[in-house]
J.: 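Structure below; questions to follow.
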Amino acid sequence: MTFAITMKKEFKEKFPQWVFEDNDFSVCLSDDLDSLVGASILKQVKGWEIKHFYDFHNLYSMDKDKRKAVGVDIALESGMTFDNHVVRLTKSDRVNTLSANPNVVENISRENYTEKYAMSTTLLVWSLFDLPLPETDEGKLLLLSIDSSYKGHYNESFRSIQNGWLKKLGFEELIDIQNKYSVGDFVEVKKKYDSSMKINLKDGFLTTKINLDGISQILGIHIELPKQVFYVRKSFKRGTYNLQYNKRYNKEKIENQLRKGIFSMALTSKHTVSLTLK
């Protein structure tokens with residue numbers, strides 16, 4: 001028997017209100033399975049459709065859709081988005097209050113980086129909308145393999161942090177799956193479904209080598225790429241910014257130094273920032 005997931009009430013209440021309201025929004029997809037599964041859940045639960053695509057170099061749109069867009073797995077500096085990245089350089093740093101991100105709502109920053117939510121946006125969205133877990137162990141393995149969410153469990157110094165986040169999401173059953181299986185089992189599932197492959201734009205159409213049919217079947221969610229043509233809407237400069245070990249930073253300081261505003265930004269390690277500039 002499969003039971004619905006229940007995110008911890010006090011945790012759920014920290015997320016922005018727009019997440020739970022009935023609105024007519026469109027979705028902005030990014031370039032991997034984590035974003036696509038999250039977007040597919042939003043289509044199933046909310047009826048929101050993918051109308052935009054962001055590959056961290058360009059923002060593409062399929063038509064002149066006037067609805068507000070919601071990002072999925074994108075660390076936007078402003079606007080609505082579901083995200084899983086660490087985006088604060090200090091606890092007092094500027095933050096996007098419309099970001100539905102565990103690291104935002106729990107005030108995770110570079111200063112307490114090792115306490116971060118280091119799992120997928122898919123798991124977050126799955127929990128927020130109380131979807132039942134996949135029925136099979138293979139389905140649960142695949143769900144945990146998205147964005148390598150399982151990895152923290154197999155690192156002795158991070159296991160309690162990762163398990164703690166799973167408990168907040170209401171996913172105690174997934175802790176049992178991690179105890180039952182090895183890292184190698186997750187790797188095999190990723191290979192079987194080509195789930196680490198990217199989503200690309202070719203001649204205006206989205207394409208991927210990910211086994212979407214197989215993943216749809218095992219997760220119990222209809223997952224597909226839009227078939228319409230996408231056009232470039234805006235281009236960005238993408239880069240990395242290295243942070244010195246003994247120095248404090250904030251986003252305003254980086255923007256002043258680079259003389260450009262930040263469109264999206266995430267810490268990829270305690271000392272490296274990946275960003276796109278307007």
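Keep in mind it's a predicted model, so treat the numbers as computed, not measured.
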J.: Taking C-beta and beyond as the side chain, do L89 and I254 meet within less than 4.5 Å on heavy atoms?
T.: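 Yes; the side chains approach each other to less than 4.5 Å.
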J.: Is it the case that the side chains of S157 and N155 hold a donor-acceptor pair, with the cut-off being a distance below 3.5 Å and no angle test?
T.: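 The answer is yes; a qualifying pair exists.
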J.: Taking the basic N atoms (NZ, or NE/NH1/NH2) and the acidic carboxylate oxygens, is any pair closer than 4.0 Å for E172 and K8?
T.: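 Between K8 and E172 there is a salt bridge, with a charged N closer than 4.0 Å to a carboxylate O.
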J.: Considering only NZ, NE, NH1 and NH2 on the basic side and carboxylate oxygens on the acidic side, decide whether K209 and D194 come within less than 4.0 Å.
T.: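 So K209 does not pair with D194 through a salt bridge.
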J.: Check this for me: does any side-chain nitrogen of one of K140 and D176 sit under 4.0 Å from a carboxylate oxygen of the other?
T.: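 Salt bridge between K140 and D176, a charged N being under 4.0 Å from a carboxylate O: no.
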J.: When I210 is tested against each of T207, D213, L212 for side chain to side chain contact (heavy atoms under 4.5 Å, CB included), which residue passes?
T.: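 Single pass found, and it is L212.
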J.: Judged by modelled atom types alone, do S148 and K190 share a side-chain donor-acceptor pair under 3.5 Å?
T.: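 S148 vs K190: donor-acceptor pair found between side chains.
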J.: Could you check if a side-chain atom of E138 sits within less than 4.5 angstrom of a side-chain atom of L142, using non-hydrogen atoms only?
T.: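 The answer is no, as the side chains (C-beta and beyond) never meet within the 4.5 Å cut-off.
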J.: Only one of F263, F230, Y60 passes ring pair (Phe, Tyr, Trp, His ring centres under 6.0 Å) with Y54; say which it is.
T.: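 The residue from F263, F230, Y60 that satisfies ring pair (Phe, Tyr, Trp, His ring centres under 6.0 Å) with Y54 turns out to be F263.
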J.: Is the NZ or CZ atom of K151 positioned over Y154's six-membered ring, under 6.0 angstrom from the centre and within 45° of the axis?
T.: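 No, a cation-pi geometry is absent between K151 and Y154.
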J.: Any chance the side chains of S78 and N96 put a donor and an acceptor closer than 3.5 Å?
T.: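 Their side chains do not contain a donor-acceptor pair, so the 3.5 Å distance test is not met.
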J.: Could you tell me whether the side chains of S35 and D73 share a donor-acceptor contact shorter than 3.5 Å?
T.: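 No - no donor-acceptor pair under 3.5 Å links their side chains.
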J.: In terms of ring plane angle, is the pair Y249 and Y241 parallel, tilted or perpendicular, where the classes change at 30° and 60°?
T.: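 Y249 vs Y241 ring planes: perpendicular.
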J.: Looking at E111 and R88, is any side-chain nitrogen of the basic one under 4.0 Å from a carboxylate oxygen of the acidic one?
T.: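 Looking at E111 together with R88, the answer is no, because their closest N to O distance does not fall below 4.0 Å.
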J.: Would a 4.5 Å heavy-atom cut-off, applied to side chains only, mark L36 and T208 as touching?
T.: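 When only atoms from C-beta onward are counted, T208 and L36 do not touch, as no gap falls below 4.5 Å.
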J.: Please determine, by modelled atom types, if R94 and N250 share a side-chain donor-acceptor pair under 3.5 angstrom.
T.: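 The answer is no; no qualifying pair exists.
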J.: Using side chain to side chain contact (heavy atoms under 4.5 Å, CB included) as the criterion, point out the one residue from N84, L267, N103 that pairs with K116.
T.: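 For K116, the side chain to side chain contact (heavy atoms under 4.5 Å, CB included) test succeeds with only one of N84, L267, N103, which is N103.
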